[in-house]
Number of protein chains: 2
Amino acid sequence: MSDLHVYDTTLRDGAQQEGLNLSVQDKLTIASHLDELGVGFIEGGWPGANPKDTEFFARAATDLTLKNATLAAFGATRRAGGAASTDPLVRALLDSQAPVVTLVAKSHVGHVERALRTTKAENLEMIRDTVTFLRGEGRRVFVDAEHFFDGYAVDRAYAIEALRAVFESGGEVAALCDTNGGMLPGQVWDVVTDVTAALGLGSGPDGGAAGDARLGIHCHNDTGCAVANSMAAVDAGATHVQGTINGYGERTGNANLVTVVANLQLKVGQQVMEPHRLQEATRISHAISEITNVPAYSRQPYTGASAFAHKAGLHASAIKVDPDLYQHLDPKHVGNDMRMLISDMAGRASVELKAREIGIDLDPLKDEDSALVQRVLATVKDLELRGYTFDAADASFELLLRREIEGSLPDFFEVESWRVITDSQSSGAALSEATVKLTAGGRRVLRTGEGNGPVNALDHALRLALATAYPEIEHLELIDYRVRILDAAHGTDAVTRVLIETSDGETTWETIGVAANILEASWMALVESVTYGLLRAGVPAR
Amino acid sequence: MSDLHVYDTTLRDGAQQEGLNLSVQDKLTIASHLDELGVGFIEGGWPGANPKDTEFFARAATDLTLKNATLAAFGATRRAGGAASTDPLVRALLDSQAPVVTLVAKSHVGHVERALRTTKAENLEMIRDTVTFLRGEGRRVFVDAEHFFDGYAVDRAYAIEALRAVFESGGEVAALCDTNGGMLPGQVWDVVTDVTAALGLGSGPDGGAAGDARLGIHCHNDTGCAVANSMAAVDAGATHVQGTINGYGERTGNANLVTVVANLQLKVGQQVMEPHRLQEATRISHAISEITNVPAYSRQPYTGASAFAHKAGLHASAIKVDPDLYQHLDPKHVGNDMRMLISDMAGRASVELKAREIGIDLDPLKDEDSALVQRVLATVKDLELRGYTFDAADASFELLLRREIEGSLPDFFEVESWRVITDSQSSGAALSEATVKLTAGGRRVLRTGEGNGPVNALDHALRLALATAYPEIEHLELIDYRVRILDAAHGTDAVTRVLIETSDGETTWETIGVAANILEASWMALVESVTYGLLRAGVPAR
């Protein structure tokens, strides 16, 4: 196995992404997930500078047991003109008790002089002093050479001197950072190759200063090349790669660490982590997405929900023959699945494959199955014209399919009417109340439910109304709710599309509702969701 | 100016993205935007195979006037064993009247034999026959060599023969497609370099078969390297680049055409389009996003809303000194703006810069301004803990800031109460009705509004209630509405975050509301929205 350092900075650099806002508990949970994934290092935050992070490290010391990863605390070299041993932020790094300390240091003359407003010599002294001090306190020290590539372009000699200062003081890693993200792969390769030679690093017996000295790489995606830049650096000799889960990060994000690792392991053949861990990547990527509350980017390589989703009817026909005809590798390597998408582009093969995915075997040679596929296709294309997107609502598609198959979907209940009232209160907090009337288990039922909102109230009322006939309802939980108002252009009224994700504690499913009224659309998605839940529970109509 | 072909396939390959569902009108509008951007070619779809696309080309002939781009129709080489002149799908390509026809052809032996189920020889004949026929009918012909790189790896000679067949028949472009998306940049560079030499193309006086013969590149993002792969191909000699706006496309998407063009033009120095057109990229990227209804990816390089958004307090301090310290280029080159994000990571500099963005000049050296910044920061951090994200609700932040500055925000109205009732109807379509009570213009007002949904009804009721005192309200329109239910973990109740986007016909702004009840959160965002609208209109409190 390659000894490449896989260094995750989701909790520090990743947290600088717009819209990302993590609590201390969030960070601890994410850290456990990252540990499970098998990254080598978890950069937890900036203790001392960020109170939330100081608390994170304090709680990590007692609450977090890491089995694979080593915790790293991020900070900066000491203040200009001061001393590392008495610099409060440096001491905070020690107090964090993290075995690894990663210091951001200037390596760009322009930043030394205009951002830090100090001298080139003092900056080098800041590096040496801080690294030496922390080594003396028994910590492993990594250094992020901030703006390295831009600094190298302006004053190559000084940038390299900064790296030398790191290694001569006992630093283990000097990570070259493309902080502004403007580099292209060929340029990165050239610089890393040059720096490797200049420092005498590489595979020769000499090793290099301090024996274990490693060059690292830290990229951002401003030219759309973060992953390619990271790989170019590794190809040129870097043995430490930094990135974040789901490519979180400032501006366009950091290099997506899973994409880099998957590329190295599955495409280049450099074994970076145990295969069974990489197979957890999709699950973990989504689990972390749930915690960050940043909508998962479905088109993400390897782990995105769409990464192996096939829409074109032509592709589906070929995949029927052999999945490898349209996939660059087996999604199972990263724990993902192949999915057939149903849309107006779907062909007969798409419907057949989707049905098989659900467990319904249709025989295209049998007349009745063939007619069924035609009907389903026609219904789908019609609904899609009206705003439905089945490619994001698998459970609704399954119900549509089953409705076409005699006896495949029980008639669980019949809705008579529903109504929701929401009132503001003088205290400020609004109250919602919904009344649902339906027939189930041979009885007409009227129930009123309250909720923290109208959809919640409807959900409660619906489940109260079904509870007697279907006690199985109890375990269902509405876990996500997404609304989009679709264009009112072209002479038609605006419609609202609601996607609901429901969980029964074991798995989750998505259903869709489309209507002009948001609550009506929500109601439709709720009814589909509960119907699907009852189907999954295998209960008969009562 | 470089004569690189900039070839956009948003309307064809891009449309294969999960969740993307375009009407014919949508496609015509997008085509106009792409033309405005200045791409060289617009691939409109697959006429004959896709009825929607047949209609698109029919309407394009009369309704679409392109000033910069040339329209291309996509299709396939004739059926095996048939003849191009009588193949209905080939004839459909002619009927589309597009001056350029782009044919997908097999260049991978495995696909020829297992997907098409024909012979290597017949496949080459299919290419020659179809290209020759269309050339004879006066069309320019481009060919997409499907699965080229995978095919090259399996049988290099055959893959190259397929390309020869294209050029010998009069084809102008043979685009090498990484259809499954599994390539890495170094590999692409090697293959394109080899193929360029094998075909005798390149900058020599010989030119190559048919003089104008060009190699093209068509990449997907399955290894996160679509942009880097495209650039490697251009570096190795390709003179035709295919991609899509916003990187739309099957699975992980196609190469983002704007990112590739911006990189070539602004980083490599290869002028590919007129600078003033590239400056429209951000606006056009967002305009197309609105039409596709696929949420814009904020972290997209160059044109993403977050691409030049700075969150870390440390970065803000440096940017105060010089924006170039943390940006790889001036966002104005692509029509984007630098944005300071307000969050719990904000520092004093972030608030000062944000205030300046809004037009409020704070002097950090004046005691009262300094205290104000402190108060604002404290309020922001507290609200962010409760679920607010100001980095996506600029207008709400501005109101927060103005509330701290004496006399900066008029007291336009005072709300007494609100209530919403939604009823299902036996016809199915639900009705919503809201009643709002408030004081404005010295009068207590009670108004009831109806709407296609509860939020719409509240919005109407609110505006009806304010209409007498503030006729300026009339032009406001709610154009987007986003809801997220935030985690109920860690002992607290779930809260709902609502972001509303409002337009006054000239510009749009975003406001936020956070509460346990979705309608209460919506109400808060609505009130902020209308308040901001009145502020913008410059009216005094009445």
Side-chain angles (χ1 to χ4, degrees), chain A residues 16 18-19 21 25 114-115 180-182 184-185 221-225 227-228 250-253 256 259 263 267 293 299 301 306-307 309 311-312 318 321 325-328 341 384 389 391-392 417-424 430 432 452-454 481 483 485-486 490 496 516-520, chain B residues 16 18-19 21 25 114-115 180-182 184-185 221-225 227-228 250-253 256 259 263 267 293 299 301 306-307 309 311-312 318 321 325-328 341 384 389 391-392 417-424 430 432 452-454 481 483 485-486 490 496 516-520:
Chain A
Q16 282 163 219
E18 182 167 9
N21 186 350
Q25 183 58 51
R114 291 156 64 220
N180 291 357
L184 296 175
N221 204 35
D222 300 75
T223 58
C225 295
V227 167
E250 190 112 26
R251 302 184 313 271
T252 54
N256 186 317
T259 307
N263 280 348
K267 301 256 117 189
N293 239 330
R299 281 190 276 146
S306 300
K311 190 168 183 174
V321 174
L325 287 175
Y326 275 95
Q327 293 191 150
H328 73 109
L341 299 178
E384 291 253 342
T389 46
D391 64 11
S417 72
W418 56 269
R419 180 188 72 211
V420 196
I421 302 175
T422 303
D423 256 296
S424 70
S432 284
N452 65 5
Y481 174 85
V483 181
I485 298 169
L486 308 178
H490 328 313
T496 305
N517 187 303
I518 191 179
L519 294 185
E520 188 185 343
Chain B
Q16 281 163 219
E18 181 166 10
N21 186 349
Q25 183 57 51
R114 291 155 64 218
N180 292 358
L184 296 175
N221 204 34
D222 299 76
T223 58
C225 294
V227 168
E250 190 113 26
R251 304 184 311 273
T252 55
N256 186 316
T259 306
N263 279 350
K267 301 255 114 188
N293 239 328
R299 282 189 277 146
S306 301
K311 190 166 181 175
V321 174
L325 286 176
Y326 274 95
Q327 293 191 151
H328 73 111
L341 300 177
E384 290 254 343
T389 47
D391 64 10
S417 73
W418 56 268
R419 180 188 73 211
V420 196
I421 302 173
T422 303
D423 256 297
S424 70
S432 285
N452 65 5
Y481 174 84
V483 182
I485 298 169
L486 307 179
H490 329 314
T496 306
N517 188 302
I518 191 180
L519 295 185
E520 189 184 344

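First the proteins, then the strands, lettered A, B, ... as listed; each starts at 1.
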* **Pick from B/Asn256, B/Ile518, B/Asp423 with the largest number of heavy-atom pairs that fall under 4.5 Å of chain A** => B/Asp423
* Would you mind telling me which of B/Lys267, B/Arg251, B/Arg419 has the largest number of heavy-atom pairs within less than 4.5 Å of chain A? => B/Arg251
* side-chain contact (heavy atoms from CB on, under 4.5 Å) between A/Val420 and B/Ile421: does it pass, once the steps are laid out? -> CA-CA 6 Å; A/Val420 196; B/Ile421 302 173; over 6 Å; no
* Structure fact -> Whatever's closer than 4.5 Å to a heavy atom in chain B on A/Pro454 counts as both
So which of [options] has the largest heavy-atom pair count under 4.5 angstrom toward chain B?
options: A/Ala307, A/Cys225, A/Ser432; value: A/Ala307
options: A/Pro185, A/Ser417, A/Gly224, A/Gly181; value: A/Gly224
options: A/Val227, A/Thr223, A/Thr259; value: A/Thr223

* Would you say B/Pro301 and A/Asp222 make side-chain contact, with heavy atoms under 4.5 Å? -> no
* To do: Report yes if the side chains of B/Gln327 and A/Asn180 come closer than 4.5 Å at any heavy-atom pair, otherwise no.
  => no
Mind checking the [atom1]-[atom2] spacing from [X] to [Y]? Nearest 0.5 Å is all I need.
X: A/Gln16; Y: B/Ser306; atom1: CD; atom2: OG; answer: 13.0 Å
X: B/Leu519; Y: A/Ser424; atom1: CG; atom2: OG; answer: 11.0 Å
X: A/Arg299; Y: B/Asn221; atom1: CZ; atom2: CG; answer: 8.5 Å

* Strictly by modelled atom types, are B/Thr422 and A/Asn517 linked by a side-chain donor-acceptor pair under 3.5 Å? -> no
